[in-house]
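Before any comments, here is the structure.
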Amino acid sequence: MVLRKTKMTVNATNQKPVPAVRPPYLFGWALAAGLLFNWLKPLSLFRTRPPGIVFGLALMAVGVGLLLWTTRTLLRSGVNPRFKPVGSMVTSGPFVFARNPMYISFALVYLGIAFAANALWPILFLPPVIAILHYGVIRREEKYLEERFGDEYRKYKAGVRRWF
């Protein structure tokens with residue numbers, strides 16, 4: 001496990017990242033809107049429901065597993081996953097493979113629910129969700145982490161992809 005502790009000082013780098021919208025709400029609102037649209041004007045992914053249920057459940061299982069792994073890794077490293085100031089960089093667990101494994105898990109669960117519901121609308125809403133996540137959350141987090149950890153974060157960022 002690679003974990004770097006850095007003493008926190010009182011300055012601009014000690015601020016917490018402020019997302020434009022909290023990611024769980026972003027995904028939840030878009031999913032709810034997509035399912036509502038699908039209820040009002042159904043657009044199906046498959047002719048019959050069973051393929052979507054099987055694939056959807058598999059995506060949800062992978063997403064929940066990744067979410068649990070990510071949360072456990074953060075908590076074991078002493079990092080609160082709820083947009084709090086961080087005292088250390090986490091580069092172990094799923095963070096070895098991607099810089100944003102929690103957001104990947106949200107997207108997998110979102111897609112799993114859309115597939116299981118055989119609903120195209122939520123999938124059509126996903127690109128704007130990803131754009132808002134990228135510009136309104138991830139870029140702000142990356143700026144915060146660069147200010148907070150400097151070259152250490154830039155080196156990590158250069159070696160680990162944002163997404164898988």
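What you see is a predicted model, and the numbers here were worked out from it, not measured in a lab.
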Q. What orientation do F55 and F115 show, parallel under 30°, tilted 30 to 60°, or perpendicular over 60°?
A. perpendicular

Q. Between the side chain of R161 and the main-chain N/O of R99, is any donor-acceptor distance below 3.5 Å?
A. no

**Q.** Verdict with supporting geometry, E146 and R154, side chain to side chain contact (heavy atoms under 4.5 Å, CB included)
**A.** CA-CA 7 Å; E146 278 190 30; R154 283 187 278 283; 3.5 Å; yes

Q. Quick check: does any side chain N or O of Y156 sit under 3.5 Å from a backbone N or O of F95, one acting as donor and the other as acceptor?
A. yes

Q.
Quick check for you: to the nearest 0.5 Å, what is the distance between Y103 atom OH and L66 atom CG?
A. 13.0 Å

Q: Would you check if the side chain of N38 reaches a backbone N or O of L43 as a donor-acceptor pair within less than 3.5 Å?
A: yes

(Q) Check for me, please, whether Y135 and V21 land in the same ILVMFWY cluster - side-chain distances under 4.5 Å, paths through other members count. (A) no

Q) Which residues pass the salt bridge (Lys or Arg N to Asp or Glu O under 4.0 Å) test with R162, sequence neighbours left out? A) E142

(Q) Ignoring hydrogens, what is the shortest heavy-atom contact between S77 and V90? Give both atom names and the distance. (A) CB-CG2, 3.6 Å

Q: Would you confirm whether N118, through its side chain, and F46, through its main-chain N or O, come within 3.5 Å as a donor-acceptor pair?
A: yes

Q) Is there a donor-acceptor contact under 3.5 Å from the side chain of W121 to the main chain of K41? A) yes

(Q) To the closest 0.5 Å, what do you measure between CG (L75) and CG (N80)? (A) 7.0 Å

Q) Is V64 linked to V54 within one hydrophobic cluster, defined over Ile, Leu, Val, Met, Phe, Trp and Tyr using a side-chain heavy-atom separation of less than 4.5 Å? A) no

**Q.** Distance (rounded to the nearest 0.5 Å) between T71 OG1 and M102 CE
**A.** 3.5 Å

Q) Can you name the nearest heavy-atom pair linking R140 to A20, along with the distance? A) NH1-N, 3.7 Å

Q) Do M60 and I113 come close enough that some side-chain heavy atom pair is under 4.5 Å? A) yes

Q. For L36, which fellow cluster members are found when Ile, Leu, Val, Met, Phe, Trp and Tyr are connected by side-chain heavy-atom distances below 4.5 angstrom, either directly or through intermediates?
A. W39, L40

Q.
Contact between P24 and F106 at the side-chain level, heavy atoms closer than 4.5 Å - yes or no?
A. yes

Q. Hey, what do you get for CG (L145) to NZ (K157), rounding to the nearest 0.5 Å?
A. 9.5 Å

Q. Where do P122 and Y110 come nearest, in terms of heavy atoms and distance?
A. O-OH, 2.6 Å

**Q.** Nearest-0.5 Å distance that lies between atom CD1 in I132 and atom CD1 in I138
**A.** 12.0 Å

Q: Let me see the working for F125 and F37 under ring-ring contact (aromatic ring centres under 6.0 Å, His included), right down to the final yes or no.
A: CA-CA 10 Å; F125 289 179; F37 271 57; 5.3 Å; yes

(Q) Testing the basics here: between L45 and L120, what is the closest heavy-atom pair and its distance to 0.1 Å? (A) CD2-CD1, 3.5 Å

(Q) Check whether Y144 reaches the backbone of R139 with its side chain - one donor and one acceptor, N or O, closer than 3.5 Å. (A) no

Q | Minimum heavy-atom distance L59-G112, with the two atoms named | A | CB-CA, 3.7 Å

Q.
If I take atom NZ from residue K143 and atom CZ from residue R148, how far apart are they, to the nearest 0.5 angstrom?
A. 15.5 Å

Q: Would you name the heavy atoms of G63 and S105 that are closest together and state the gap between them?
A: O-CB, 3.2 Å

